[in-house]
Every structure is written in C-alpha cells, then in structure tokens.
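The figures here come from the full heavy-atom set of this structure, side chains too, leaving out hydrogens, waters and symmetry mates. All values reported here derive from a predicted model rather than from experimental measurement.
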Amino acid sequence: MIDEFAKDTLHGRLRRDREALLWKLDGLSEYDARRPLTATGTNILGLVKHVATVEARYFGEVFGRPSPEPLPRWQESDGSDQWAAEDETRDQIIGFYRRTWEHTDATIEELPLDAPGHVPWWPEPFSRTNLFAVLVHVLGESIRHTGHADILREGLDGRTGLRAEHEKRIDEEARAAHRAKIEQAARSAARAMPQGS
C-alpha cells in the first residue's frame, strides 16, 4: 500500500513539473526560447529537450523498454540534447517531450517500485538500481531544470511561478523596491564583515 502511495506521489510531482517546464516557453519568441542565457549556453528550449532525453533514457533503456523515439547511444552523448538546432522546431521538441511522457508513464504504471533496472552510465556498484531510485533521480533532474528555466524566464521578461493559473500581474515598482532592499542588505553586510567570512 505504501508503495502505491509513494509511486503515485512521485509520479504526480513529475507530471506537475513537466507542465511547469513547458509553461516556461509560453509566449516566448523563437529567439528568446533558444538563445543562450548563461555563459554555458543554457536556454529554455534546450532544457525541455534535455529533460525529455533524460526521461526517455531512464524510463526506457534502463528497464529494457527502449524509447520509441530515436536517441543517440548514451556513449555518444555530445551535449546536443541541451540546445535546439536551427532545423528543430519548438513543436518537434515539445512533441518529443510529450511522447516521452506517454512512454515514461507506461513504464511507471506497469512496473512495481522495486522493479530492477540497470543504468550503464552510472558507476559500479550503483548501476544496478530499481524504479523507485530512478523515479526519485529523474524527479530531481526535472525539478532542478525547471528551476533553471524559471530563473531564465524571469531574466527575460520577469515572469515567474509554477503554473499560469497562479501567475500574478508583475508590480514593477514593488519588485524594484524589494530588489533594492536586498541589494542594500548585501552591500551593508559586505562592508561590515571581513572578506571571506
């Protein structure tokens, strides 16, 4: 009974965070969805593509249920799953992600939490694992990258949050005052404390 509760809870969180990640693309231009927003090139559409690839691998080949989507061999991973090439459309990447959800959901629903899996890219003795550990791992990856997307989106146009229905109108004046208060606290602390403390 606890296994079903745990599986339903973790699966529900994964579903919620998938939707949150896709929402980060809502209303963005092609350029803003794709452009590198950090020194390492992180971008919102690339995060969606990466999380889709992570799900496809972990809930596919790890459990002997290869993804129906074409994926390069994990040994040949070159980072191209973290950005959108010129000839890849937003709809293609979102479609890949949504189809991956279906495959992942089927794996989660059909297997028990203690179903054995093998992650060949994890070092021994950790490569032998189970559905519970993989579900927790992938949920962590999804949450992490959705957080990245949230920060990137805030930098683009100020929009933040988990879901559209909870979004509030941006009060630029209040936001600026709040940021100024935090900036002032940081400057005061820097002056008051010795370097490196």
Side-chain angles (χ1 to χ4, degrees), residues 8-56 58 77-101 104-105 135-197:
D8 290 347
T9 300
L10 294 170
H11 197 182
R13 284 297 302 261
L14 181 62
R15 287 178 168 132
R16 183 193 78 174
D17 291 327
R18 288 170 176 163
E19 293 291 347
L21 179 56
L22 279 187
W23 180 55
K24 298 303 166 188
L25 289 170
D26 186 48
L28 286 182
S29 69
E30 281 304 313
Y31 176 68
D32 282 341
R34 299 164 173 268
R35 71 180 168 121
L37 296 167
T38 69
T40 58
T42 305
N43 61 88
I44 298 174
L45 189 57
L47 288 170
V48 171
K49 184 179 175 184
H50 175 66
V51 171
T53 303
V54 165
E55 263 200 47
Y58 277 98
S77 179
D78 60 1
S80 61
D81 70 320
Q82 297 181 4
W83 58 283
E86 293 174 39
D87 61 344
E88 290 179 294
T89 69
R90 183 187 316 211
D91 287 344
Q92 286 171 326
I93 291 170
I94 290 171
F96 165 49
Y97 194 24
R98 288 189 182 281
R99 289 186 304 276
T100 295
W101 296 358
T104 293
D105 291 348
L135 190 50
V136 169
H137 177 78
V138 172
L139 180 58
E141 284 286 308
S142 296
I143 291 167
R144 178 173 170 248
H145 293 310
T146 300
H148 293 151
D150 195 40
I151 291 167
L152 295 177
R153 183 64 190 253
E154 181 179 356
L156 286 170
D157 63 9
R159 289 179 72 184
T160 62
L162 187 61
R163 294 197 290 271
E165 61 268 22
H166 298 300
E167 188 175 25
K168 296 179 181 149
R169 187 181 67 76
I170 299 169
D171 182 338
E172 296 291 349
E173 192 173 305
R175 190 175 272 185
H178 180 69
R179 187 180 188 290
K181 179 172 71 174
I182 296 169
E183 177 68 27
Q184 181 56 46
R187 289 181 184 278
S188 294
R191 284 191 300 272
M193 295 181 193
Q195 292 292 3
S197 297

Roughly how far apart are [X] [atom1] and [Y] [atom2], rounded to 0.5 Å?
| X | Y | atom1 | atom2 | result |
| --- | --- | --- | --- | --- |
| Y31 | N43 | OH | CG | 11.0 Å |
| L21 | H50 | CG | NE2 | 10.5 Å |
| L47 | D81 | CG | CG | 10.5 Å |
| E141 | L14 | CD | CG | 11.5 Å |
| S188 | E183 | OG | CD | 10.0 Å |
| L152 | D157 | CG | CG | 11.5 Å |

Could you check D17 against H145 for side chain to side chain donor-acceptor pair (under 3.5 Å), going step by step and ending with a plain yes or no? CA-CA 10 Å; D17 291 327; H145 293 310; over 6 Å; no
Would you check, one step at a time, whether the test side chain to side chain contact (heavy atoms under 4.5 Å, CB included) holds for R175 with T160? CA-CA 12 Å; R175 190 175 272 185; T160 62; 4.2 Å; yes
If I compare all heavy atoms of [X] with all of [Y], which pair ends up nearest, and what's the gap?
| X | Y | answer |
| --- | --- | --- |
| A33 | R90 | CB-NH2, 3.9 Å |
| A84 | R34 | CB-NH1, 3.4 Å |
| Q92 | D87 | OE1-O, 3.5 Å |
| V48 | I93 | CG1-CG2, 4.0 Å |

Is the shortest side-chain heavy-atom distance between [X] and [Y] below 4.5 Å?
| X | Y | result |
| --- | --- | --- |
| T42 | P36 | no |
| T100 | V51 | no |
| T40 | Q82 | no |
| T53 | F96 | yes |
| R18 | R98 | no |
| R153 | I44 | yes |
| K24 | R159 | no |

Name the orientation class of the two ring planes belonging to W101 and Y97 (parallel below 30°, tilted from 30 to 60°, perpendicular beyond 60°).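 If you compare the ring of W101 with that of Y97, the planes turn out perpendicular.
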For E19 and R16, indicate whether the former's side chain and the latter's backbone hold a donor-acceptor pair under 3.5 Å.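 It does not hold such a pair.
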Short side-chain to backbone donor-acceptor contact, R144 and G140, under 3.5 Å: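 No; judged by distance alone, with no hydrogens or angles, the pair does not exist.
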Between T104 and E55, is the side chain to side chain donor-acceptor pair (under 3.5 Å) condition met? List the steps. CA-CA 7 Å; T104 293; E55 263 200 47; 2.8 Å; yes
Tell me, yes or no, whether the heavy-atom count around [X] atom [atom1], taken from other residues, nucleotides or ligands under 6.0 Å, exceeds 12.
| X | atom1 | value |
| --- | --- | --- |
| W83 | CH2 | no |
| E173 | CD | no |
| R191 | CZ | yes |

